[in-house]
Amino acid sequence: MSNYLTIIKKYLEGEISPEEKVELKQWLAKDIKNEIVFKEEIRRWYAAKPGLEVEPNIAYKRFINAIDKKETKVILLKPWLKTVTYAAVVTGILFGIYLFTKNDQSLFRTTPAVVEVNSEPSDKIKIVQADGTVTYMDFKDTKDIVDPQGNLVVKKEQNQLIVQANTATNKTEYLEISIPKGKLFQLALSDGTKVWLNAASKLKFPQQFRTSEKNRTVYLEGEAFFDVTTNKKQPFIVKTGAIDVQVLGTQFNVSSYPEDAAVKTTLVEGSVAVNDANNDNIKLELTPNHQAIYTKSNKILKQKQVNTALFTSWMYRKIILQNESFTEVCKRIERTYDVEIESMNDKLNNTRFTGEFDIENVSQILNVFSETIEFTYTIKDKKIRINP
(Lines give C-alpha, C1' and ligand atoms only; values in the text may rest on other atoms or scores of the structure.)
Protein backbone atom coordinates (compact mmCIF):
# COMPACT_ATOMS: atom_id res chain seq x y z
CA MET A 1 0.00 0.00 0.00
CA SER A 2 1.47 3.31 -1.03
CA ASN A 3 1.54 6.23 1.35
CA TYR A 4 0.04 4.19 4.21
CA LEU A 5 1.08 6.69 6.89
CA THR A 6 -1.01 9.37 5.18
CA ILE A 7 -4.03 7.05 5.03
CA ILE A 8 -3.63 6.11 8.70
CA LYS A 9 -3.55 9.81 9.59
CA LYS A 10 -6.70 10.41 7.52
CA TYR A 11 -8.41 7.57 9.40
CA LEU A 12 -7.45 9.02 12.79
CA GLU A 13 -8.66 12.49 11.78
CA GLY A 14 -11.95 11.15 10.44
CA GLU A 15 -11.20 12.09 6.82
CA ILE A 16 -10.65 8.62 5.34
CA SER A 17 -12.83 7.47 2.43
CA PRO A 18 -14.62 4.06 2.37
CA GLU A 19 -12.24 2.91 -0.39
CA GLU A 20 -9.19 3.88 1.68
CA LYS A 21 -10.57 1.98 4.68
CA VAL A 22 -10.73 -1.21 2.64
CA GLU A 23 -7.23 -0.56 1.28
CA LEU A 24 -5.95 -0.02 4.83
CA LYS A 25 -7.51 -3.28 6.02
CA GLN A 26 -5.91 -5.20 3.16
CA TRP A 27 -2.53 -3.70 3.99
CA LEU A 28 -2.90 -4.66 7.65
CA ALA A 29 -3.70 -8.26 6.71
CA LYS A 30 -0.51 -8.63 4.66
CA ASP A 31 2.03 -8.57 7.50
CA ILE A 32 1.96 -8.51 11.32
CA LYS A 33 4.56 -5.71 11.11
CA ASN A 34 1.95 -3.50 9.47
CA GLU A 35 -0.35 -4.01 12.44
CA ILE A 36 2.47 -2.93 14.77
CA VAL A 37 3.04 0.23 12.69
CA PHE A 38 -0.70 0.99 12.74
CA LYS A 39 -0.91 0.69 16.54
CA GLU A 40 2.19 2.84 16.99
CA GLU A 41 0.65 5.59 14.82
CA ILE A 42 -2.48 5.42 16.98
CA ARG A 43 -0.38 5.79 20.14
CA ARG A 44 1.55 8.78 18.73
CA TRP A 45 -1.58 10.54 17.48
CA TYR A 46 -3.34 10.41 20.85
CA ALA A 47 -0.15 11.17 22.79
CA ALA A 48 -0.03 14.54 20.99
CA LYS A 49 -3.48 15.42 22.36
CA PRO A 50 -3.33 16.11 26.12
CA GLY A 51 -6.28 14.71 28.04
CA LEU A 52 -7.17 12.12 25.39
CA GLU A 53 -6.06 8.54 25.87
CA VAL A 54 -6.82 5.34 23.99
CA GLU A 55 -5.54 1.77 24.12
CA PRO A 56 -4.00 1.03 20.67
CA ASN A 57 -5.13 -2.65 20.73
CA ILE A 58 -8.72 -1.59 21.38
CA ALA A 59 -8.58 1.07 18.66
CA TYR A 60 -7.18 -1.51 16.22
CA LYS A 61 -9.96 -4.02 16.96
CA ARG A 62 -12.57 -1.28 16.63
CA PHE A 63 -11.27 -0.43 13.16
CA ILE A 64 -11.26 -4.07 11.98
CA ASN A 65 -14.74 -4.75 13.43
CA ALA A 66 -16.11 -1.60 11.80
CA ILE A 67 -14.75 -2.61 8.39
CA ASP A 68 -16.09 -6.17 8.74
CA LYS A 69 -19.54 -4.86 9.56
CA LYS A 70 -19.55 -2.42 6.67
CA GLU A 71 -18.84 -5.26 4.22
CA THR A 72 -22.24 -6.81 4.96
CA LYS A 73 -25.75 -5.47 4.95
CA VAL A 74 -28.25 -6.95 7.39
CA ILE A 75 -31.69 -5.56 8.16
CA LEU A 76 -33.81 -7.37 10.74
CA LEU A 77 -37.44 -6.53 11.37
CA LYS A 78 -39.02 -7.58 14.65
CA PRO A 79 -42.34 -6.23 15.92
CA TRP A 80 -42.56 -5.98 19.71
CA LEU A 81 -45.67 -4.67 21.43
CA LYS A 82 -46.45 -1.44 19.53
CA THR A 83 -42.82 -0.77 18.79
CA VAL A 84 -40.91 -1.75 15.70
CA THR A 85 -37.22 -2.42 16.24
CA TYR A 86 -34.71 -2.62 13.44
CA ALA A 87 -31.10 -3.72 13.64
CA ALA A 88 -29.11 -2.58 10.66
CA VAL A 89 -25.49 -2.77 9.69
CA VAL A 90 -25.17 -0.50 6.67
CA THR A 91 -22.64 1.71 5.00
CA GLY A 92 -21.81 4.73 7.10
CA ILE A 93 -22.32 3.27 10.59
CA LEU A 94 -20.06 1.41 12.98
CA PHE A 95 -22.73 -0.68 14.63
CA GLY A 96 -26.47 -1.38 14.43
CA ILE A 97 -29.03 1.38 14.48
CA TYR A 98 -32.09 0.73 16.57
CA LEU A 99 -35.26 2.70 16.09
CA PHE A 100 -37.98 3.24 18.63
CA THR A 101 -41.31 4.89 17.97
CA LYS A 102 -42.27 8.03 19.86
CA ASN A 103 -44.35 6.00 22.29
CA ASP A 104 -41.26 4.22 23.61
CA GLN A 105 -39.22 6.82 23.75
CA SER A 106 -19.90 17.66 17.97
CA LEU A 107 -5.95 19.00 14.95
CA PHE A 108 -6.74 22.18 13.65
CA ARG A 109 -4.78 24.62 11.63
CA THR A 110 -5.15 28.28 12.33
CA THR A 111 -4.19 31.87 11.71
CA PRO A 112 -5.39 35.24 10.79
CA ALA A 113 -6.41 36.02 7.32
CA VAL A 114 -6.63 39.74 7.10
CA VAL A 115 -8.74 41.91 9.39
CA GLU A 116 -12.19 43.46 9.21
CA VAL A 117 -14.51 42.61 6.35
CA ASN A 118 -17.95 43.92 5.61
CA SER A 119 -19.70 40.54 5.58
CA GLU A 120 -18.69 37.98 8.19
CA PRO A 121 -17.22 34.81 6.62
CA SER A 122 -18.98 31.61 7.67
CA ASP A 123 -16.00 29.25 7.33
CA LYS A 124 -13.37 30.98 9.47
CA ILE A 125 -12.53 31.29 13.16
CA LYS A 126 -13.43 34.71 14.53
CA ILE A 127 -11.31 36.33 17.24
CA VAL A 128 -12.39 39.52 18.97
CA GLN A 129 -9.78 41.31 21.10
CA ALA A 130 -10.47 43.51 24.11
CA ASP A 131 -10.36 46.73 22.09
CA GLY A 132 -12.84 45.35 19.55
CA THR A 133 -10.29 44.38 16.90
CA VAL A 134 -11.72 41.49 14.87
CA THR A 135 -9.53 38.92 13.13
CA TYR A 136 -10.80 36.11 10.89
CA MET A 137 -8.57 33.05 10.77
CA ASP A 138 -8.40 30.48 8.03
CA PHE A 139 -7.71 26.96 9.29
CA LYS A 140 -4.77 26.58 6.90
CA ASP A 141 -2.91 29.75 7.83
CA THR A 142 0.10 29.70 10.12
CA LYS A 143 0.67 33.23 11.40
CA ASP A 144 0.47 34.35 15.01
CA ILE A 145 -2.03 37.01 16.12
CA VAL A 146 -0.90 40.35 17.51
CA ASP A 147 -2.78 43.35 18.90
CA PRO A 148 -2.71 46.82 17.25
CA GLN A 149 0.42 47.68 19.28
CA GLY A 150 2.25 44.62 17.95
CA ASN A 151 2.06 42.57 21.19
CA LEU A 152 1.65 38.81 20.73
CA VAL A 153 -1.90 37.71 21.61
CA VAL A 154 -2.16 34.15 20.32
CA LYS A 155 0.70 31.92 19.18
CA LYS A 156 0.26 29.15 16.64
CA GLU A 157 1.99 25.93 17.70
CA GLN A 158 1.36 22.67 15.87
CA ASN A 159 -2.38 21.93 16.01
CA GLN A 160 -3.52 24.47 18.56
CA LEU A 161 -3.49 28.14 19.48
CA ILE A 162 -1.75 29.14 22.69
CA VAL A 163 -3.04 32.29 24.38
CA GLN A 164 -0.24 34.62 25.51
CA ALA A 165 -0.50 36.35 28.89
CA ASN A 166 -0.76 40.13 28.58
CA THR A 167 1.84 41.58 30.95
CA ALA A 168 1.54 45.11 29.55
CA THR A 169 -1.57 45.91 31.62
CA ASN A 170 -3.00 45.18 35.05
CA LYS A 171 -6.55 45.09 33.69
CA THR A 172 -8.40 41.87 32.91
CA GLU A 173 -8.85 41.94 29.15
CA TYR A 174 -11.03 39.40 27.37
CA LEU A 175 -10.66 37.52 24.12
CA GLU A 176 -13.60 35.93 22.34
CA ILE A 177 -13.24 33.03 19.92
CA SER A 178 -16.10 31.81 17.72
CA ILE A 179 -15.96 28.54 15.77
CA PRO A 180 -18.08 28.15 12.62
CA LYS A 181 -20.35 25.23 11.83
CA GLY A 182 -18.56 22.23 10.40
CA LYS A 183 -15.30 22.90 12.29
CA LEU A 184 -13.58 21.95 15.56
CA PHE A 185 -10.83 23.84 17.35
CA GLN A 186 -8.29 23.45 20.15
CA LEU A 187 -6.66 26.14 22.28
CA ALA A 188 -4.56 26.50 25.42
CA LEU A 189 -5.47 29.29 27.84
CA SER A 190 -2.81 31.35 29.63
CA ASP A 191 -2.98 29.14 32.76
CA GLY A 192 -2.35 25.97 30.73
CA THR A 193 -6.00 24.86 30.65
CA LYS A 194 -6.79 23.00 27.41
CA VAL A 195 -10.10 23.63 25.63
CA TRP A 196 -11.61 21.79 22.67
CA LEU A 197 -14.41 23.82 21.04
CA ASN A 198 -17.14 22.10 19.05
CA ALA A 199 -18.77 23.49 15.90
CA ALA A 200 -20.90 26.66 16.18
CA SER A 201 -19.44 27.46 19.62
CA LYS A 202 -18.10 30.61 21.25
CA LEU A 203 -15.76 31.06 24.23
CA LYS A 204 -14.99 34.36 25.99
CA PHE A 205 -12.08 34.31 28.44
CA PRO A 206 -9.38 36.54 29.98
CA GLN A 207 -6.21 36.79 27.93
CA GLN A 208 -4.47 36.46 31.30
CA PHE A 209 -5.92 35.07 34.53
CA ARG A 210 -4.95 37.65 37.16
CA THR A 211 -3.96 36.38 40.60
CA SER A 212 -5.94 39.25 42.10
CA GLU A 213 -9.17 37.72 40.78
CA LYS A 214 -11.10 35.31 43.01
CA ASN A 215 -11.90 32.92 40.15
CA ARG A 216 -10.77 32.02 36.66
CA THR A 217 -14.02 32.70 34.80
CA VAL A 218 -14.86 31.92 31.17
CA TYR A 219 -18.12 32.24 29.23
CA LEU A 220 -19.37 29.51 26.89
CA GLU A 221 -22.04 29.42 24.22
CA GLY A 222 -22.19 26.05 22.47
CA GLU A 223 -20.10 23.03 23.44
CA ALA A 224 -16.57 22.54 24.77
CA PHE A 225 -14.40 19.98 26.51
CA PHE A 226 -12.18 21.38 29.28
CA ASP A 227 -8.99 19.93 30.75
CA VAL A 228 -8.48 22.41 33.59
CA THR A 229 -5.11 23.17 35.18
CA THR A 230 -5.36 22.71 38.95
CA ASN A 231 -5.24 25.85 41.09
CA LYS A 232 -6.89 25.39 44.50
CA LYS A 233 -6.57 29.08 45.29
CA GLN A 234 -8.39 30.14 42.14
CA PRO A 235 -11.30 27.91 41.04
CA PHE A 236 -12.16 27.67 37.35
CA ILE A 237 -15.74 28.63 36.48
CA VAL A 238 -17.59 28.09 33.20
CA LYS A 239 -20.63 30.35 32.83
CA THR A 240 -23.30 29.49 30.24
CA GLY A 241 -26.02 31.95 31.21
CA ALA A 242 -28.25 29.17 32.57
CA ILE A 243 -25.73 27.41 34.83
CA ASP A 244 -22.28 27.90 36.35
CA VAL A 245 -19.80 25.02 36.50
CA GLN A 246 -17.09 25.37 39.16
CA VAL A 247 -13.93 23.22 39.28
CA LEU A 248 -10.44 23.17 40.72
CA GLY A 249 -8.81 20.90 38.15
CA THR A 250 -10.61 18.27 36.09
CA GLN A 251 -11.87 17.09 32.71
CA PHE A 252 -15.46 17.72 31.69
CA ASN A 253 -17.73 18.55 28.77
CA VAL A 254 -20.33 21.33 28.69
CA SER A 255 -23.01 21.53 25.99
CA SER A 256 -24.98 24.78 26.05
CA TYR A 257 -26.31 25.59 22.60
CA PRO A 258 -29.00 28.32 22.65
CA GLU A 259 -31.42 26.22 20.58
CA ASP A 260 -31.18 23.14 22.85
CA ALA A 261 -33.79 22.53 25.56
CA ALA A 262 -31.19 21.60 28.19
CA VAL A 263 -27.63 22.39 29.29
CA LYS A 264 -25.57 19.24 29.91
CA THR A 265 -22.38 18.99 31.97
CA THR A 266 -20.60 15.64 31.70
CA LEU A 267 -17.76 14.83 34.10
CA VAL A 268 -14.93 12.62 32.85
CA GLU A 269 -12.42 13.08 35.68
CA GLY A 270 -12.22 14.94 39.01
CA SER A 271 -15.23 16.73 40.46
CA VAL A 272 -17.36 19.74 39.59
CA ALA A 273 -20.16 21.74 41.19
CA VAL A 274 -23.03 22.80 38.93
CA ASN A 275 -25.51 25.42 40.02
CA ASP A 276 -28.32 27.52 38.59
CA ALA A 277 -26.79 30.84 37.54
CA ASN A 278 -29.76 32.69 39.05
CA ASN A 279 -30.37 30.57 42.16
CA ASP A 280 -27.50 29.40 44.36
CA ASN A 281 -29.85 27.04 46.19
CA ILE A 282 -30.13 24.85 43.09
CA LYS A 283 -26.81 23.02 43.05
CA LEU A 284 -25.31 19.60 42.28
CA GLU A 285 -21.88 18.09 42.86
CA LEU A 286 -20.83 15.57 40.22
CA THR A 287 -18.52 12.58 40.42
CA PRO A 288 -16.89 10.98 37.34
CA ASN A 289 -19.19 9.33 34.76
CA HIS A 290 -22.15 11.48 35.83
CA GLN A 291 -23.97 14.21 33.96
CA ALA A 292 -25.87 17.25 35.23
CA ILE A 293 -28.89 18.18 33.11
CA TYR A 294 -30.43 21.61 33.48
CA THR A 295 -33.79 21.93 31.73
CA LYS A 296 -34.30 25.52 30.62
CA SER A 297 -38.10 25.49 30.53
CA ASN A 298 -38.74 24.45 34.13
CA LYS A 299 -35.31 25.33 35.61
CA ILE A 300 -34.88 21.82 37.02
CA LEU A 301 -31.34 20.52 37.63
CA LYS A 302 -30.83 16.76 37.93
CA GLN A 303 -28.07 14.24 37.41
CA LYS A 304 -27.65 10.72 36.02
CA GLN A 305 -24.87 8.22 35.38
CA VAL A 306 -23.71 8.15 31.76
CA ASN A 307 -21.17 6.71 29.38
CA THR A 308 -18.97 9.78 28.91
CA ALA A 309 -17.81 8.58 25.48
CA LEU A 310 -21.27 9.42 24.14
CA PHE A 311 -20.80 13.09 25.02
CA THR A 312 -17.16 13.53 24.03
CA SER A 313 -17.28 11.63 20.70
CA TRP A 314 -17.42 14.90 18.77
CA MET A 315 -13.75 15.43 19.65
CA TYR A 316 -12.97 12.30 17.58
CA ARG A 317 -15.13 13.53 14.69
CA LYS A 318 -17.85 10.98 15.39
CA ILE A 319 -21.59 11.20 15.94
CA ILE A 320 -22.89 8.81 18.62
CA LEU A 321 -26.63 8.67 19.22
CA GLN A 322 -28.42 7.17 22.22
CA ASN A 323 -32.21 7.10 21.99
CA GLU A 324 -32.30 10.54 20.36
CA SER A 325 -35.18 11.92 18.31
CA PHE A 326 -34.50 12.67 14.67
CA THR A 327 -35.20 16.32 15.44
CA GLU A 328 -32.26 16.31 17.88
CA VAL A 329 -30.14 14.38 15.39
CA CYS A 330 -30.78 17.09 12.79
CA LYS A 331 -29.33 19.75 15.07
CA ARG A 332 -26.11 17.78 15.39
CA ILE A 333 -25.89 17.14 11.65
CA GLU A 334 -26.45 20.86 10.97
CA ARG A 335 -23.58 21.87 13.25
CA THR A 336 -21.23 19.15 12.04
CA TYR A 337 -21.75 19.71 8.32
CA ASP A 338 -22.74 23.40 8.25
CA VAL A 339 -26.12 22.74 6.65
CA GLU A 340 -29.77 23.59 7.31
CA ILE A 341 -32.31 20.75 7.49
CA GLU A 342 -36.06 21.08 7.07
CA SER A 343 -37.86 17.80 7.72
CA MET A 344 -41.50 17.51 6.63
CA ASN A 345 -41.63 13.79 7.53
CA ASP A 346 -43.58 13.42 10.81
CA LYS A 347 -42.90 9.69 11.13
CA LEU A 348 -39.17 10.27 10.85
CA ASN A 349 -39.24 13.29 13.19
CA ASN A 350 -41.02 11.27 15.90
CA THR A 351 -38.59 8.33 15.72
CA ARG A 352 -35.70 7.85 18.13
CA PHE A 353 -32.32 6.45 17.16
CA THR A 354 -29.33 4.76 18.77
CA GLY A 355 -26.14 4.22 16.81
CA GLU A 356 -22.67 5.45 15.90
CA PHE A 357 -21.50 7.16 12.73
CA ASP A 358 -18.09 7.87 11.34
CA ILE A 359 -17.99 11.44 10.10
CA GLU A 360 -18.32 10.76 6.38
CA ASN A 361 -20.62 13.01 4.40
CA VAL A 362 -24.14 14.21 5.02
CA SER A 363 -25.62 12.28 2.09
CA GLN A 364 -24.23 8.97 3.37
CA ILE A 365 -25.69 9.58 6.81
CA LEU A 366 -29.12 10.57 5.45
CA ASN A 367 -29.08 7.47 3.25
CA VAL A 368 -28.65 5.31 6.36
CA PHE A 369 -31.77 6.82 7.89
CA SER A 370 -33.67 6.44 4.61
CA GLU A 371 -32.93 2.70 4.58
CA THR A 372 -34.62 2.26 7.94
CA ILE A 373 -37.51 4.67 7.42
CA GLU A 374 -38.06 5.31 3.75
CA PHE A 375 -37.99 8.95 2.66
CA THR A 376 -36.57 11.16 -0.05
CA TYR A 377 -34.67 14.40 0.28
CA THR A 378 -33.18 17.18 -1.80
CA ILE A 379 -29.98 19.17 -1.26
CA LYS A 380 -29.53 22.64 -2.70
CA ASP A 381 -26.48 24.59 -1.66
CA LYS A 382 -26.41 24.07 2.13
CA LYS A 383 -30.16 23.51 2.52
CA ILE A 384 -31.65 20.03 2.88
CA ARG A 385 -35.37 19.32 2.59
CA ILE A 386 -36.69 15.94 3.74
CA ASN A 387 -39.96 15.17 2.02
CA PRO A 388 -43.13 13.82 3.76
Side-chain angles (χ1 to χ4, degrees), residues 49-54 106 186-189 191-198 201-205 209 213-316 318-324 328 331-332 354:
K49 291 166 177 53
L52 300 182
E53 297 181 3
V54 70
S106 284
Q186 181 182 349
L187 65 151
L189 305 186
D191 66 339
T193 292
K194 303 292 192 303
V195 183
W196 287 258
L197 284 172
N198 202 351
S201 297
K202 180 191 299 183
L203 187 71
K204 182 179 179 180
F205 55 91
F209 292 106
E213 298 288 342
K214 180 180 179 181
N215 301 309
R216 294 170 289 166
T217 303
V218 302
Y219 302 84
L220 173 68
E221 180 180 300
E223 184 168 21
F225 181 89
F226 295 86
D227 184 358
V228 177
T229 298
T230 301
N231 184 344
K232 294 182 179 180
K233 295 181 179 179
Q234 196 175 33
F236 192 95
I237 295 179
V238 180
K239 288 182 173 287
T240 69
I243 64 166
D244 296 342
V245 182
Q246 179 175 335
V247 303
L248 297 176
T250 189
Q251 296 179 0
F252 61 99
N253 193 85
V254 179
S255 182
S256 179
Y257 286 103
E259 64 271 24
D260 287 352
V263 180
K264 298 178 180 179
T265 304
T266 307
L267 182 62
V268 175
E269 180 182 295
S271 64
V272 300
V274 181
N275 66 278
D276 187 321
N278 301 307
N279 188 344
D280 289 338
N281 294 322
I282 302 177
K283 186 174 183 178
L284 283 177
E285 291 189 4
L286 294 183
T287 54
N289 302 314
H290 283 77
Q291 180 182 79
I293 305 168
Y294 179 83
T295 306
K296 297 176 183 177
S297 60
N298 56 19
K299 303 186 187 313
I300 291 178
L301 182 63
K302 61 181 180 180
Q303 69 171 305
K304 66 178 181 179
Q305 189 167 359
V306 297
N307 176 1
T308 58
L310 297 175
F311 303 95
T312 57
S313 61
W314 60 268
M315 300 168 64
Y316 304 91
K318 295 182 181 294
I319 295 178
I320 299 181
L321 311 175
Q322 186 177 53
N323 193 28
E324 294 186 40
E328 292 298 316
K331 292 179 183 178
R332 297 176 64 179
T354 292

May I ask you to test the [X]-[Y] pair for a side-chain heavy-atom distance under 4.5 Å?
X	Y	answer
F225	V268	yes
F226	L203	yes
V218	L189	yes
W314	N253	yes

Counterpart residues, salt bridge (charged side-chain N to carboxylate O under 4.0 Å, His left out), relative to K264 (two or more places apart)
none
Suppose we screen for salt bridge (charged side-chain N to carboxylate O under 4.0 Å, His left out). Which residues come up paired with D191, at least two apart in sequence or across chains?
R216
So F252 and V228, side chain to side chain contact (heavy atoms under 4.5 Å, CB included) or not? Walk me through it.
CA-CA 9 Å; F252 61 99; V228 177; 3.7 Å; yes
Return the minimal non-hydrogen interatomic distance between [X] and [Y], and the atom names on each side.
X	Y	value
L267	T308	O-CG2, 3.5 Å
I320	A309	CD1-O, 4.0 Å
T230	G249	OG1-CA, 3.6 Å

Side-chain ([X]) to main-chain ([Y]) donor-acceptor, under 3.5 angstrom:
X	Y	result
T265	V254	no
S201	E223	yes
K296	P258	yes
T295	A262	no

Please set out all donor-acceptor pairs under 3.5 angstrom arising from side-chain atoms of residues 281-288, sequence neighbours excluded.
{"unit_1": "T287", "atom_1": "OG1", "unit_2": "H290", "atom_2": "ND1", "d": "3.3"}

Test side chain to side chain contact (heavy atoms under 4.5 Å, CB included) on T266 and T312 and set out the steps.
CA-CA 9 Å; T266 307; T312 57; 5.8 Å; no
Between OG1 of T217 and CD of Q234, what distance do you get to the nearest 0.5 Å?
8.5 Å
Nearest 0.5 Å, please: how far is CD in Q246 from OG in S271?
10.0 Å
Heavy-atom count around D280 CG within 6.0 Å, excluding the residue itself: above 12?
no
Any carboxylate oxygen within less than 4.0 angstrom of a Lys/Arg side-chain nitrogen, looking at K299 and D276?
no
The test is side chain to side chain contact (heavy atoms under 4.5 Å, CB included); show your working for V306 and F311 and say whether it passes.
CA-CA 9 Å; V306 297; F311 303 95; 3.8 Å; yes
Give the C-alpha distance, both sets of side-chain angles, the deciding distance and a yes or no for side chain to side chain contact (heavy atoms under 4.5 Å, CB included) between R332 and L321.
CA-CA 10 Å; R332 297 176 64 179; L321 311 175; 3.5 Å; yes
